[in-house]
Amino acid sequence: MGRESELIEIRNRIGDPEVSILTITGPVGVGKSRLASVVFHEISDDFRHGGCFADIADVSDEKQLVRELSARLGLDGDGSGPDRLVDHLRELQFLLVLDGCDRPRALLTPVVAHLVRECPGLSVIVTGPERLGVYGEVRFGLQPLAVPSPEDRTDVAAVRRLPSVELFLRCTQLVRPNFVLTDENLEAVTELCIRTDGLPMAIEFAAARMKLLSPHRLLQQLERGLGSLSGTEFDTLSRHRGMGDAIERFLGGLTERELSFLTRLAMFRQEFDFAAADGVSPVSTAETRELLETLVDKSVLTTTECPDGDLLIIMLGLTRQYLLERVAGGADLVEAQAAHARYYLSATEKAEAGLLGPGHGKWLQQIDHWMPDITGVLHHLMVAGDTRTAARIASALRLYWQAGTRIREGIGWLEACASGVPDPAVAAKTQRALGELLLCRGELESAEKWLTRARKGYEQLADGTGAAACTRRLALAAFGRGDLAEADRRLEECVAVSWVDAAGEYAEALRNLAECRRASGDLPGARQAVDEALDVFRRAKDVRNLALTNYVQADIIFDLGDQSAAIELYQAALLQMAELNHLVGCAIGLERFAILLTRSRGRSTDTWRRAAHAFGAASRIRAVTGWAAPAATRVMVESLTEHARVRLGDDEAERLAAEGAASKPEAAVARVLTPLDCTKFAAEWQASDNPLTQRESEVAELVADGLTNREIARRLGIAEWTAVNHLRKIMRKLDCSSRVQVASWVTRRAEERVATSVE
C-alpha cells in the first residue's frame, strides 16, 4: 500500500543490464520483505527461467546458506559448495530474491559476489539494513509511509488519503469493521501514525490493539512503553511479534561503542546536524563522523537534505523510545542527559550573540527547530535542581521569547529560575530578562520589581553595563506610565554610560530617547538621537534594530513635514520585519504605519480600509504573541478603529478587521504597503502658503473639529501638554488669540482649496 512508485522504480532498475544486484535497505518494520515479495511475484515471470524467493533470516553459516538455496532451487542438499549453485544458474536468465539478510550479511556477501560474477543472466534482489558491498550493487533505500503534516491535521479527507492512515484504517477495520475516521478521532489517529513513524509493521501492531482500545487510549499506552505495539502471527506477516523485539534484533548487530553513541543521539527529539551530534559525542570529531556514517549505512539513522545543501540526521521515534527505555534509570541515561544539556547551553549562548547581528532571522528559525529539545532540557534541569544552567539557557533566549509566540513560556521559565539561582551574575541576568519580558507584556509594576532587583545585583557586582541596561528598561516602564520626564532622565543616564561591550544597548537607549523626546515635542533632539542610533546599528548590521529604529525615524520625519520620506522608511522597515518573520515587529509596524496613513490620507476611503485590515492583523499578532501595545498606541488604534467604523460602516470595518486577523503577517504587510499616490496630499501639507508643520496642521484641524487638548493628545498619541505647546505655536504663527480664530483659519483654508479644485 502506497508503494506504487517504488515498485515501478525497482522494476526499471532490475531490468537494467548494468544492474546485477539490487539491495532494498531501510529500518526495521519499513516493509522491505513485503515489497520484495510483491516485486518477485510481479516480475519473476519476466525472466525466461523464472525465479526463486528465499528467506535466509535464520541462516548461521555458509554451508547452511548453500543448503537453503539449493533446496529452493530444487537441487539435492549433498553439502556441496557454491560451485554447485553456479553450475545450475550459469546459463539461466533468472531472478533470485534473498530476504532477511541482516544477520547473515557477512557470509552472504562472498556467495552472492561469486554467483553474479559467474552467472551473467542472474539478477539478485536482497533485503537488509545495509548494502552487501559487492561490485555492481545498487542500493534502494525504502522510506516509511507518508504521515500527516501539521497542515493536514484538520482535514479528514486529506488525512484519509495518506498511505500510513489508509493502512491503519484498513487494518483496524479487520478487527473492528465499523471503525471510521471522524473529526472526533482525527487528532488521535493522526498522532498514532506519526508516533509509529509511518512504519507498516508498527501500524499493523497498533491497528491490532484497536479491537478493545480507542486511538486516544492506545496513545496513552504507547507513552508508557513499546510493549503496546505487539501482537500475534495473525496481525502481521512479519517474523517479529512486537516492535520492541524487532528493534532489539535490528540493533543487535551493533557494537557497544555504537550503541553507547546512539543512546546519546536518542536525546534529540528533532532532526539534528553533525555539529549537534559532535556536541554530545564522547569521542573525537573524526570518530563521531565515522560512527554516523556507519549508522547511516546500517539504516539505523537516515539523512535529509536542507534547501541550503546541509544534511540533517534523523532517528525514528520508535528507535529513540527503545533506546531510552533500555537505559532508563541507569548511568548511561544520566550521562546522555548531561551531554544534551551542555550542548544546548552552548548552542543557546551562541544564538544569543547571533540574534544581535545580521543573521537574526536565521537564528530565529534555528531556535524554532531546537525548541522541542530545549524544552526537554529545561524540564530535566529543573527536576534535577540545576536552576543555574536552566537560567542561563532561558535568559540567553531573551530575544527569541520576544520575537514570536512564546513570550508567556519564556516568562514561565524565567520566573521558575529567577529567585533560586545561587550565582549572582546569572541571577541578575535572569531577573533582567524576566523584567524585560514582563515589560513587553505591559505588566509594568512586576517588570519594575524584577528590573530593580536585577540592577541592584549588577551594582553589587560592579557591572555598570548591566546596571545601565536595567535602567534603560526602567525608563521604558516610566514611558509606559506616561512619565516622560522620568523616562528622559533615566535614558540620559544610560546614554552617558560608556557602553564598551554593548554598543547595541547604547543605540537602543538612543532610540528610546528619540521616542521620548518626540512625545514631548522636541523633534530636533529626537532626530539627533535617532540618527546616532541608526549609525550604530548600521555598523553592526543589526537588521532587526535597524527596522525598529527606522519606525521611529519615520515618525519623526513625518512630524517634521517630509511625508514621502516617512512612507518610504516605513515600507522598507516593514518589509525587513516580514522577511525576518519577526511577528511583533510586524505588528508594531502595521499599527504605526496605519496611523501615519490616516494622518496623511485620512480623507481617502481606501486609507481607512487599509487601516482596518492592518489593525485587525496587528491585534491578532499581539493576541498570539502576548505583546501588549503601549498605552498611547492602544488609545490611538482604538480611536482610529472607531473612526474607521464611521467611515466604512460597521459591517465593512468588521469584515476587513477579520480578514486582517486571518491573514499571515507577510500578507498583511503587503496589503498595507500597496503603492500609494501621496503627491497630492504632500502638496497640501507642504504648500508654500501654509506656515504650519504637518503636526501643527493636524492639531489645528482637530481644534476646528471641536476637540479639547486632552482629546487631541489622545487622538495623536502625544502628551496633553505637548498638544498645548503645539497649539501655542499655531496661534503665534497665525497671529490668533483664541481657539475660535484657529478654527476659522482652518475652515477658510479648506474652502479655498475646494474653490481652487473647482476652478
Side-chain angles (χ1 to χ4, degrees), residues 27-30 129 144 147 191-199 201-202 205-206 218-230 240 242-273 276-283 288 291-292 294-296 298-302 312-345 347 369-386 389-390:
V28 64
V30 78
V147 299
E191 187 62 25
L192 266 177
C193 291
I194 293 171
R195 287 292 307 276
T196 53
D197 296 318
L199 296 173
M201 184 167 70
F205 282 134
L218 179 55
L219 274 174
Q220 290 178 328
Q221 291 196 1
L222 184 54
E223 286 289 339
R224 293 195 287 268
L226 280 176
S228 56
L229 295 181
S230 59
H240 303 292
M243 283 306 300
D245 294 339
I247 296 171
E248 183 175 13
R249 179 181 172 88
F250 179 59
L251 301 180
L254 300 183
T255 66
E256 280 301 317
R257 178 167 170 264
E258 290 168 342
L259 267 176
S260 176
F261 175 65
L262 199 60
T263 300
R264 295 284 185 104
L265 300 184
M267 298 306 303
F268 290 109
R269 291 164 172 77
Q270 298 284 92
E271 301 95 340
F272 53 92
D273 58 13
D278 194 35
V280 301
S281 175
V283 298
T288 298
L291 284 167
L292 285 172
T294 298
L295 293 169
V296 169
K298 292 181 177 181
S299 300
V300 179
L301 303 174
T302 57
L312 289 178
I313 303 162
I314 303 168
M315 179 186 293
L316 292 180
L318 294 178
T319 303
R320 176 179 180 273
Q321 184 171 352
Y322 168 83
L323 289 165
L324 295 181
E325 289 179 9
R326 175 178 171 271
V327 297
D332 287 348
L333 179 61
V334 173
E335 291 175 6
Q337 289 172 326
H340 193 232
R342 284 195 301 271
Y343 171 72
Y344 277 105
L345 173 61
H369 180 76
W370 288 342
M371 276 315 294
D373 281 291
I374 291 174
T375 301
V377 166
L378 289 171
H379 276 294
H380 162 68
L381 291 171
M382 295 304 294
V383 170
D386 187 357
T389 304

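Values below: every heavy atom of this structure, side chains too, minus hydrogens, waters and symmetry copies.
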- Task: Please assess M315 against L262 for the test side chain to side chain contact (heavy atoms under 4.5 Å, CB included), listing each intermediate value before the final yes or no.
- Result: CA-CA 9 Å; M315 179 186 293; L262 199 60; 3.5 Å; yes

Atom [atom1] of [X] and atom [atom2] of [Y]: how far apart are they, to the nearest 0.5 Å?
X    : Y    : atom1 : atom2 : result
D278 : L292 : CG    : CG    : 8.5 Å
E248 : Y322 : CD    : OH    : 4.0 Å
L265 : H340 : CG    : NE2   : 10.0 Å
L323 : L333 : CG    : CG    : 11.0 Å
T319 : L199 : OG1   : CG    : 7.5 Å
L312 : H369 : CG    : NE2   : 5.5 Å

Tell me the closest heavy-atom pair linking [X] and [Y], and the distance in Å.
X    : Y    : answer
E325 : G225 : OE2-CA, 3.1 Å
F261 : A277 : CE1-O, 4.3 Å
R264 : S281 : NH1-C, 4.2 Å

- Steps toward side chain to side chain contact (heavy atoms under 4.5 Å, CB included) verdict (L251, V28): CA-CA 9 Å; L251 301 180; V28 64; over 6 Å; no

For residues 375-383, tabulate all N or O donor-acceptor pairs below 3.5 Å that involve a side-chain atom, not counting sequence neighbours.
| residue | atom | partner | partner atom | Å |
| --- | --- | --- | --- | --- |
| T375 | OG1 | M371 | O | 2.9 |

- Can you label the angle between the F272 ring and the F268 ring as parallel, tilted or perpendicular, going by 30° and 60°? parallel

- Return each pair, listed once, that meets side chain to side chain donor-acceptor pair (under 3.5 Å) where at least one residue sits in residues 218-229; pairs must be two or more places apart or across chains. R195-E223, R209-Q221, H216-Q220, R217-Q220

- Query: Taking it one step at a time, do L295 and I313 satisfy side chain to side chain contact (heavy atoms under 4.5 Å, CB included)?
  - Reply: CA-CA 10 Å; L295 293 169; I313 303 162; over 6 Å; no

- Got a donor-acceptor contact below 3.5 angstrom from the S299 side chain to the P129 backbone? yes

[Y] side chain reached by [X] side chain, heavy atoms, under 4.5 Å:
X    : Y    : result
V280 : M267 : no
L291 : R257 : yes
M243 : T196 : no

- Task: Begin from the C-alpha positions of L318 and Q321 and carry the test side chain to side chain contact (heavy atoms under 4.5 Å, CB included) through to its verdict.
- Result: CA-CA 5 Å; L318 294 178; Q321 184 171 352; 4.2 Å; yes

- With sequence neighbours excluded, residues passing side-chain contact (heavy atoms from CB on, under 4.5 Å) with T302: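 If we apply the side-chain contact (heavy atoms from CB on, under 4.5 Å) test to T302, skipping adjacent residues, the hits are I314.
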
